[in-house]
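These figures come from a predicted structure and were not determined experimentally. Order of the sequence lines sets the chain letters (A, B, ...), proteins ahead of strands, with each chain counted from 1.
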Amino acid sequence: MQQTYIRDLAAQAGQEVELRGWIYNFRSSGKLKFILLRDGTGIVQCVLSKKEVSDEIWQASEDLAQETSVVLRGKVNADDRAPGGFELWTSDLRVVGRAVDYPITPKEHGDAFLLDHRHLWIRSKRQHAILRVRHTLVQAIRDFFDGRGYTLIDAPIFTPAASEGTTTLFETDYFGEKAYLSQSGQLYMEPAAAAFGKVYCFGPTFRAEKSKTRKHLTEFWMVEPEVAFMELPELMELAEDFIVHLVTRALERNRADLEILERDLAKLEAVQKPFPRLHYNDAANTLKAKGVDFQYGNDFGAPDEEALVADYDRPIIVHRFPAAIKAFYMKPDPEDPSLSLSMDVLAPEGYGEIVGGSQREDDLEVLERKIREHNLPMSAFDWYVDVRRYGTFPHAGFGLGLERTVSWITGVRHVRETIPFPRLMHRLKP
RNA sequence: UCCUCGGUAGCUCAAUCGGCAGAGCGGGUGGCUGUUAACCACUAGGUUGGGGGUUCGAGUCCCUCCCGGGGAGCCA
């Protein structure tokens, strides 16, 4: 008999079906048993009556425990008493694999315990909902750029040098040579933009920072578009359209998951164009006016971000950060060379920076001077500066962090729940 | 790296002033034909993170090490 998935059960009312899955929970009242079956597409209640099945089957059902895998057959029945409105009136039950002492019980658990059991934790309802939203967003990211004529040009993971020189890199041995795990694909996107015009890369990136916060992972996914002949104002529009697209898609496809997560959907529905744009100088003044202890010229810390975002119901774009605190490849603002043509998008509700981007320095001499000023080895960047040597052009791009975006859209406070197997400072397993 | 909180049964936690180490869940046994994190009864389950010290007596106080959570810096 063909397997039916729980997701499709409503259309099968009155039919005989076969379900295959795992016991999510079960209750027994003597000669009547209620099994909650999970198959990855949903959860359904299956009823088992001693009167209506053979002794053999009844005996087999005595063996059930949480997460035992089973094949069940029976008739799909509409019943208001069943969660979801449908249940399976079980006629046949076969245990495929027993589960003894499944560690994650229907009661509460601590963070450390759950992270140690991440491989099992992803079976539970809440984690399942989060990871389904992540799946939707990954697809939406690709659809957005593919639909606008971008070419996917994936960047390498093994890289010979730091792209920014600021953050800490994971070092590995590469046949006797030092190699570093990529912390950004951006330097590779610039040559790619010269080749294809509109490009993006989307993959894992690695930061060896010893950060222990709910916004940090040592391995996370980032999508990085780069566009030839694009300047800062259009870049901000691109980021805005992109984010609206992501939120809209999640609302379209994952309403049920967002409800499981108790996300306030009104807050997501408010995410519409245009996003407020704040010049760095104005943002600094706003902080001063709010009495936040902030030094002009610095980057925003978490409390600064929260104070800035508090006045708005949608993401905000802060642009033209001081050049001194930004990467060497960012182009200075012609109106004030102490500032850079950079921008960050800050998510509402305190979820922090989800996008960082800039217009790139496109003048060969200026770029070479900046590499020297940052004490970076010119030899490592010869290929990179070739973009300016052979037909230079204005261009811009940004990076969006997938996990922070999932965290914001799902309303999950900690990014470690937004990636299937998080890599954290003190956690490499499972 | 710094600040801060914590480590007691498989899990989540409690244990008064330093005075017999306990509960719920999970496990086991039995009961229950409409349960919704079902319920009821019984039951097994402990080197209180490791080491050292104070004390008649330490889960509790002191020292030290280990492990983890939250946060900061930095960043997506």
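- Taking 4.5 Å as the limit, some side-chain heavy atom of A/D39 sits within range of a side-chain heavy atom of A/Y5.
- For A/D79, the listed nucleotide lying nearest its side chain is B/G34; candidates were B/C75, B/G34, B/G71.
- A/T405 comes within 4.0 angstrom of no nucleic acid atom, judged by non-hydrogen atoms across all strands.
- Between the P atom of B/C75 and the CG atom of A/L346 lies a distance of 13 Å, rounded to the nearest Å.
- Put simply, CZ on A/R416 is 22 Å from P on B/A76, counting in whole angstrom units.
- Rounded to the nearest Å, the gap between the C1' atom of B/A9 and that of B/U43 is 15 Å.
- Atom NZ of A/K212 and atom C1' of B/G68 are 7 Å apart (whole Å).
- Across the protein-nucleic acid pair, A/Y24 atom OH and B/A37 atom P stand 11 Å apart, rounded to whole Å.
- Put simply, the side chain of A/S211 and the base of B/G73 share a donor and an acceptor less than 3.5 Å apart.
- Listed candidates were B/G70, B/G73, B/G34. Nearest to the side chain of A/P303 is B/G73.
- Each of A/R81, A/K75, A/Q45 was scored for a side-chain hydrogen bond (donor to acceptor under 3.5 Å, both in side chains) with A/E87, with one residue passing: A/Q45.
- Remark: P of B/C11 and NE2 of A/H117 are 8 Å apart, rounded to the nearest angstrom.
- Residues A/L402 and A/D111 each lie close to RNA chain B; by heavy-atom proximity, the contact nearer the 5' end of the strand is made by A/D111.
- In this structure, A/F113 reaches the sugar-phosphate backbone alone: every heavy-atom distance under 4.0 Å involves primed, P, OP1 or OP2 atoms, never a base.
- Nucleotide B/C25 is matched to B/G10 when pairs are restricted to Watson-Crick or G-U wobble geometry with both distances under 3.5 angstrom.
- The gap from the C1' atom of B/C39 to that of B/C25 amounts to 14 Å, rounded to the nearest Å.
- Looking at heavy-atom distances under 4.0 Å, A/K33 makes no contact with the nucleic acid at all.
- As judged by a 4.0 angstrom heavy-atom cut-off over every strand, A/L400 is placed among residues making no nucleic acid contact.
- Distance check on atom P: B/C17 versus B/C11 gives 28 Å, rounded to whole Å.
- Looking at the side chain of A/R404, the nearest of the listed nucleotides B/G71, B/G34, B/C75 is B/C75.
- Among the atoms of the strands shown, none is found under 4.0 Å from any heavy atom of A/G352.
- Cation-pi contact between A/R207 and A/F170: absent, since separation from the ring centre below 6.0 Å together with deviation from the ring axis within 45° is not met.
- Between A/F300 atom CZ and B/A72 atom C1' there is a gap of 18 Å when expressed in whole angstrom units.
- Salt-bridge formation is not detected for the pair A/D313/A/K267: no Lys NZ or Arg NE/NH1/NH2 atom is positioned less than 4.0 Å from an Asp or Glu carboxylate oxygen.
- Distances were taken from every side-chain heavy atom of A/R81 (C-beta onward) to each of B/A76, B/G71, B/G34; the shortest belongs to B/G34.
- Here A/F34 does not lie in a stacked arrangement on the base of B/G34, lacking the combination of planes under 30° and ring centres under 5.5 Å apart.
- The side chain of A/K31 lies closest to B/C32 when the candidates are B/A76, B/A37, B/C32.
- Using a cut-off of 4.0 Å between Lys/Arg side-chain N and Asp/Glu carboxylate O, A/D143 and A/R249 are scored as salt-bridged.
- Residues of residues 43-77 of chain A having a heavy atom closer than 4.0 Å to RNA chain B, listed by number: A/Q45, A/S49, A/K51.
- Comparing B/C65 with B/U29, their C1' atoms sit 45 Å apart, to the nearest whole Å.
- With a 3.5 Å ceiling on both atom-pair distances, the Watson-Crick or G-U wobble partner of B/A72 is B/U1.
- Rounding to the nearest 0.5 Å places CD of A/Q183 at 4.5 Å from CG of A/L169.
- Across all strands shown, A/E224 has no heavy atoms under 4.0 Å from either base or sugar-phosphate atoms.
- You'll find that the side chain of A/H109 is closest to B/U12, out of B/U12, B/C75, B/G70.
- Between A/T105 and A/F26, it is A/T105 whose nearest contact on RNA chain B lies nearer the 5' terminus.
- Among the atoms of the strands shown, base atoms are found under 4.0 Å from some heavy atom of A/L217.
- The NE2 atom of A/H414 sits 4 Å away from the P atom of B/G70 (whole-angstrom rounding).
- The distance between atom NZ of A/K210 and atom P of B/U1, rounded to the nearest whole Å, is 5 Å.
- With centres under 5.5 Å and a plane angle under 30°, the ring of A/H216 is stacked against the base of B/C74.
- Nucleic acid contact class of A/P103 (heavy atoms, under 4.0 Å, all strands): none.
- Straight-line distance between the P atoms of B/U47 and B/U64: roughly 27 Å, to the nearest whole Å.
- Counting only distance, with no hydrogens or angles, the side chain of A/S69 and the backbone of A/G97 share a donor-acceptor pair below 3.5 Å.
- Using a 4.0 Å heavy-atom cutoff across all strands shown, A/W408 reaches no nucleic acid atom at all.
- The closest side-chain donor-acceptor pair between A/Q359 and A/H395, if any, does not fall under 3.5 angstrom.
- The shortest heavy-atom contact between A/L424 and A/T218 is N-OG1, 4.0 Å.
- Under the 6.0 Å distance and 45° angle rule, A/K326 counts as a cation-pi partner of A/F321.
- Few gaps surround NZ on A/K290; more than 12 heavy atoms of other groups in view lie less than 6.0 Å from it.
- Residue contacts for A/V355: at a heavy-atom cut-off of 4.0 Å it reaches the sugar-phosphate backbone alone, with no base atom in range.
- Going from the P atom of B/C20 to that of B/U60 covers 14 Å, rounded to whole Å.
- With P as the reference atom, B/U4 and B/U12 are 25 Å apart, rounded to whole Å.
- Side chain of A/E353, nearest nucleotide from B/C32, B/G27, B/A76: B/A76.
- Spacing of C1' atoms, B/A14 relative to B/G24, comes out at 11 Å, to the nearest Å.
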